[in-house]
Amino acid sequence: IASAHSSDVNLQEGFKKGMPTEMRGLWAGDEKYYFEGVMYPYCTQALWDPRMRFLTWNSVVGTCQDAGVHQKTGLIEGYWLKNMVLAEAYILQVDQTKCLSNELCDDDITKAHDDGDIKYDGWNVEAKSCGAQLKADKNNIGSYSCELYQTNLLTHTDDNTGEKEKMVVATLTYSFYENGYENYVCPEKPTFKADSIINDTHAVGGARFVLQQGFDPAVDQMDPCNWDCFEDTKNICNRQSKKLRSKADNGNDSYPNSP
């Protein structure tokens with residue numbers, strides 16, 4: 001652990017040291033892992049902890065529906081904790097990250113799903129970010145992974161109350177490689193479709209997680225303007241900033257500080 005913040009992370013071209021803001025926090029959802037011609041389902045919780053840039057990853061065999069986990073609401077029914085496969089828990093260090101073009105992240109989370117997947121019908125994608133992370137496996141020295149992620153801000157208007165609900169859902173696809181960051185290989189793009197994972201030369205698995213809680217209570221992760229890799233094509237962050245400045249000019253200086 002003492003070496004967890006080693007300054008020698010062999011930065012690769014285009015990457016920077018760190019952990020993306022939009023991924024920091026506790027997530028839960030379904031995972032698909034492809035091994036020797038078989039796609040294995042898991043229900044997984046993952047914590048991106050920025051203090052040491054650690055990612056912990058714990059799973060049970062089977063889908064979240066099988067495990068009694070409702071990732072949209074955070075409710076757990078059943079014996080999910082007792083069924084976790086502890087020997088397959090991961091501790092990874094997120095050493096390098098970079099943003100990718102939104103053109104690479106074309107996963108339509110409201111439509112791209114397999115039979116049995118949790119669906120997001122009736123939700124609208126209001127914002128998304130696209131990036132890559134290079135990680136070192138702390139339990140298996142010499143083992144590394146590249147993960148592409150697409151975070152999505154989803155909104156839905158309740159038919160009964162008229163209130164606007166929000167949810168952040170991430171699609172992740174990952175690959176493994178050995179013996180140093182200079183050997184990194186990444187999947188083609190973030191996807192949760194089984195056939196896309198299988199047909200990707202480097203991908204070995206994918207996940208679709210729902211954010212349960214952000215790591216830093218002071219950072220609103222439902223606000224894409226706080227994300228590192230948000231492409232603000234609609235200029236919403238600038239408009240939001242203008243509103244905050246206007247409130248300040250009117251004597252209301254209670255707006256939040258920038259992250």
Side-chain angles (χ1 to χ4, degrees), residues 20-32 41-48 63-77 80 99-131 147-174 187 189-197 205-215 219-237 239-240:
T21 302
E22 54 263 47
M23 295 306 302
R24 298 176 185 181
L26 180 66
W27 302 74
D30 287 295
E31 179 185 1
K32 297 170 183 173
Y42 289 91
C43 182
T44 298
Q45 70 149 23
L47 172 62
W48 274 259
T63 67
C64 285
Q65 186 173 2
D66 296 335
V69 175
H70 304 273
Q71 55 263 53
K72 288 183 179 180
T73 63
L75 178 66
I76 300 175
E77 300 175 294
W80 184 47
C99 298
L100 302 173
S101 169
N102 269 358
E103 294 179 359
L104 185 65
C105 288
D106 59 1
D107 176 50
D108 186 347
I109 200 167
T110 64
K111 298 178 182 178
H113 48 71
D114 296 320
D115 291 341
D117 288 349
I118 298 296
K119 297 177 176 60
Y120 297 89
D121 299 338
W123 291 81
N124 299 309
V125 179
E126 289 210 355
K128 66 180 182 178
S129 69
C130 186
E147 180 178 80
L148 303 189
Y149 70 85
Q150 176 182 326
T151 56
N152 307 269
L153 175 63
L154 303 186
T155 61
H156 168 75
T157 302
D158 188 284
D159 292 334
N160 297 318
T161 66
E163 293 184 359
K164 193 174 188 179
E165 303 174 42
K166 293 182 179 182
M167 178 167 50
V168 178
V169 183
T171 299
L172 315 167
T173 310
Y174 55 85
K189 60 182 181 179
T191 181
F192 193 57
K193 293 277 289 179
D195 57 352
S196 297
I197 294 172
R208 185 164 281 166
F209 290 156
V210 179
L211 181 66
Q212 305 301 310
Q213 57 177 302
F215 193 88
V219 178
D220 180 9
Q221 285 183 239
M222 295 291 180
D223 182 354
C225 298
N226 291 327
W227 299 352
D228 288 344
C229 296
F230 172 49
E231 285 190 18
D232 190 10
T233 57
K234 298 180 181 179
N235 204 32
I236 63 173
C237 296
R239 294 201 302 270
Q240 179 174 299

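Quantities reported herein were computed from a predicted structural model and do not represent experimental measurements.
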W227 and side chain to side chain contact (heavy atoms under 4.5 Å, CB included): which partner among S129, C99, P20?
-> S129
Looking at every heavy atom in both [X] and [Y], which two are closest together, and how far apart are they?
X	Y	answer
E31	Y174	OE2-OH, 2.5 Å
P190	L104	CD-O, 4.1 Å
C237	F230	SG-CE2, 3.7 Å
Q71	Q212	O-NE2, 2.9 Å
C229	Y149	SG-OH, 3.4 Å
A46	F209	CB-CE1, 3.8 Å

Sequence neighbours left out, what passes side-chain hydrogen bond (donor to acceptor under 3.5 Å, both in side chains) with [X]? Give chain and number order.
X	answer
W48	Q133
Q150	N152
T191	none
D66	T63

Any donor and acceptor pair, going by atom type alone, linking the side chain of [X] with main-chain N or O of [Y] inside 3.5 Å?
X	Y	result
W27	M23	yes
K72	V210	no
Q221	E22	yes
H156	E165	no
N124	E126	no
N226	D220	yes
D158	T161	yes

Side-chain contact test, heavy atoms from C-beta onward, threshold under 4.5 Å: evaluate it for [X] versus [Y] and give yes or no.
X	Y	result
F192	K32	yes
Y120	K111	no
K128	N102	yes
V169	L211	no
V219	T21	yes
V125	L153	no
I109	W123	no

Give every residue pair that meets the salt bridge (charged side-chain N to carboxylate O under 4.0 Å, His left out) criterion with at least one member in residues 99-110, sequence neighbours excluded.
-> D106-K189, D107-R208
Taken in chain and number order and not counting sequence neighbours, the residues that satisfy salt bridge (Lys or Arg N to Asp or Glu O under 4.0 Å) with K166 are none
E231, CD: over 12 other non-hydrogen atoms inside 6.0 angstrom = yes
Answer yes or no: are there more than 12 heavy-atom neighbours, outside K164 itself, under 6.0 Å from its atom NZ?
-> no
Kindly check if C64 and C43 bring their SG atoms closer than 2.5 angstrom.
-> yes
Can you list the steps and then say if M222 with V168 is a side chain to side chain contact (heavy atoms under 4.5 Å, CB included)?
-> CA-CA 7 Å; M222 295 291 180; V168 178; 3.6 Å; yes
